[in-house]
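Input: a single structure, listed below in structure tokens.
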Amino acid sequence: MADGKGEFIMRIGTGYDSHRLVEGRKLILGGVEIPFEKGLLGHSDADVLCHAIIDAIVGALGEGDIGRHFPDTDAKWKNASSIDLLTKTVELMKQKGFDIVNIDSTVIAEKPKLLPYIEKMKENISKAGIPLYSINIKAKSNEGMGFTGRGEGIAAQAVCLLKRKY
């Protein structure tokens with residue numbers, strides 16, 4: 001939908017991320033440390049949920065992907081909190097004149113069960129500047145199929161709808 005000046009007032013973006021599960025790392029999803037024998041391997045805290053949401057937001061803005069803004073070649077982002085990265089992304093979004101209408105996300109993991117942590121994930125994500133009522137998180141297994149089904153990693157997908165502020 002255009003605003004009459006040729007500028008779009010609503011934009012949509014999708015995001016995806018996956019990381020390998022390894023021993024010796026904390027499992028962080030949606031900014032929540034989840035008790036588990038393995039964690040996700042990555043340059044930052046490897047929070048696939050936050051990374052997918054970041055990708056969805058920057059995609060809706062037409063600003064590339066997470067690697068463009070937080071490259072894994074930059075020591076500045078080593079072990080960074082993905083909630084902090086999400087906060088910076090939301091700040092960019094607001095500078096560009098947009099607000100979030102809705103984020104719908106899915107975490108794909110065979111183990112651990114994530115339902116007990118979803119409300120806390122939503123609360124943490126909202127602290128990055130996203131209204132709590134605009135955040136939805138689902139947890140799914142892959143029924144034993146693929147790398148997530150075999151317990152080799154965890155993946156997340158997100159879609160984000162933005163609207164231009166007036």
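Since the structure is predicted, the reported quantities are computational estimates derived from the model, not experimental observations.
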Exercise. Check the pair I125 / L49 against side chain to side chain contact (heavy atoms under 4.5 Å, CB included), numbers first and verdict last.
Key: CA-CA 10 Å; I125 290 167; L49 176 57; 3.9 Å; yes
Quiz item: Please walk me through it: do I103 and S134 pass side chain to side chain contact (heavy atoms under 4.5 Å, CB included)?
Solution: CA-CA 6 Å; I103 291 178; S134 296; 5.9 Å; no
Practice problem: Verify side chain to side chain contact (heavy atoms under 4.5 Å, CB included) between M121 and I34, making sure each step is shown before the conclusion. | Solution: CA-CA 10 Å; M121 290 178 198; I34 297 170; 3.8 Å; yes
Practice problem: Test D47 against S82 for side-chain hydrogen bond (donor to acceptor under 3.5 Å, both in side chains), laying out the working first. | Solution: CA-CA 6 Å; D47 184 333; S82 294; 5.1 Å; no
Practice problem: Test side chain to side chain contact (heavy atoms under 4.5 Å, CB included) on I57 and L86 and set out the steps. | Solution: CA-CA 9 Å; I57 294 169; L86 180 58; 3.9 Å; yes
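Heavy-atom minimum distance, A80 versus L85: CB-CD2, 4.2 Å. The minimum heavy-atom distance between L61 and M93, with the atom names listed, is CD1-CA, 3.7 Å. Pairing each heavy atom of V48 with each of A156, the nearest pair is O-CB, 3.5 Å. Taking all atoms of both residues into account, the shortest heavy-atom contact from K165 to K94 is NZ-O, 3.4 Å. The minimum heavy-atom distance between V58 and I66, with the atom names listed, is CG2-N, 4.2 Å. Of all heavy-atom pairs between I83 and C50, the closest is CD1-SG, 3.6 Å.
Here the straight-line distance linking atom CG of L21 with atom CG of L27 works out to 6.5 Å at 0.5 Å rounding. To the nearest 0.5 angstrom, L92 atom CG is 6.0 Å from H69 atom NE2. Distance check: S44 OG to F70 CZ gives 10.0 Å after rounding to the nearest 0.5 Å. Atom CG of L29 and atom CD of E33 lie 11.0 Å apart (nearest 0.5 Å). The line from OG of S105 to CD of Q157 is 10.0 Å long, rounded to the nearest 0.5 Å. Here CD1 of I154 is found 12.0 Å from NZ of K111. Values are rounded to the nearest 0.5 Å.
Within 6.0 Å of CD on E23 lie no more than 12 heavy atoms contributed by other residues, nucleotides or ligands. Heavy atoms from other residues, nucleotides or ligands lying under 6.0 Å from NZ of K138 number more than 12. The number of heavy-atom neighbours closer than 6.0 Å to CZ of R20, taken from other residues, nucleotides and ligands shown, is 12 or below.
Remark: Y117 pairs with no residue by the ring pair (Phe, Tyr, Trp, His ring centres under 6.0 Å) rule, at least two apart or across chains. Taking the side chain to side chain contact (heavy atoms under 4.5 Å, CB included) definition, one finds that D84 meets it with S81, sequence neighbours left out. Under the ring pair (Phe, Tyr, Trp, His ring centres under 6.0 Å) criterion, H43 pairs with no residue, sequence neighbours left out.
Side chains of D17 and D55 form no contact here, defined as non-hydrogen atoms less than 4.5 Å apart. Using a 4.5 Å heavy-atom threshold, the side chains of K122 and L132 count as touching. H19 has its side chain out of reach of L41: every pair of non-hydrogen atoms, C-beta onward, lies at least 4.5 Å apart. The shortest side-chain heavy-atom distance between L40 and I28 does not fall under the 4.5 Å cut-off.
I135 and I108 end up in different hydrophobic clusters when Ile, Leu, Val, Met, Phe, Trp and Tyr side chains are linked at under 4.5 Å. Cluster annotation: Y133 is not connected to L161 through the hydrophobic network of ILVMFWY side chains, with a link wherever side-chain heavy atoms come within less than 4.5 Å.
A donor-acceptor contact shorter than 3.5 Å links the side chain of R11 to the backbone of A60. Judged purely by atom type and a 3.5 angstrom limit, E143 has no side-chain atom pairing as donor or acceptor with the backbone of G149. With hydrogens and angles ignored, the 3.5 Å screen pairs a side-chain donor or acceptor of N142 with a backbone N or O of M145.
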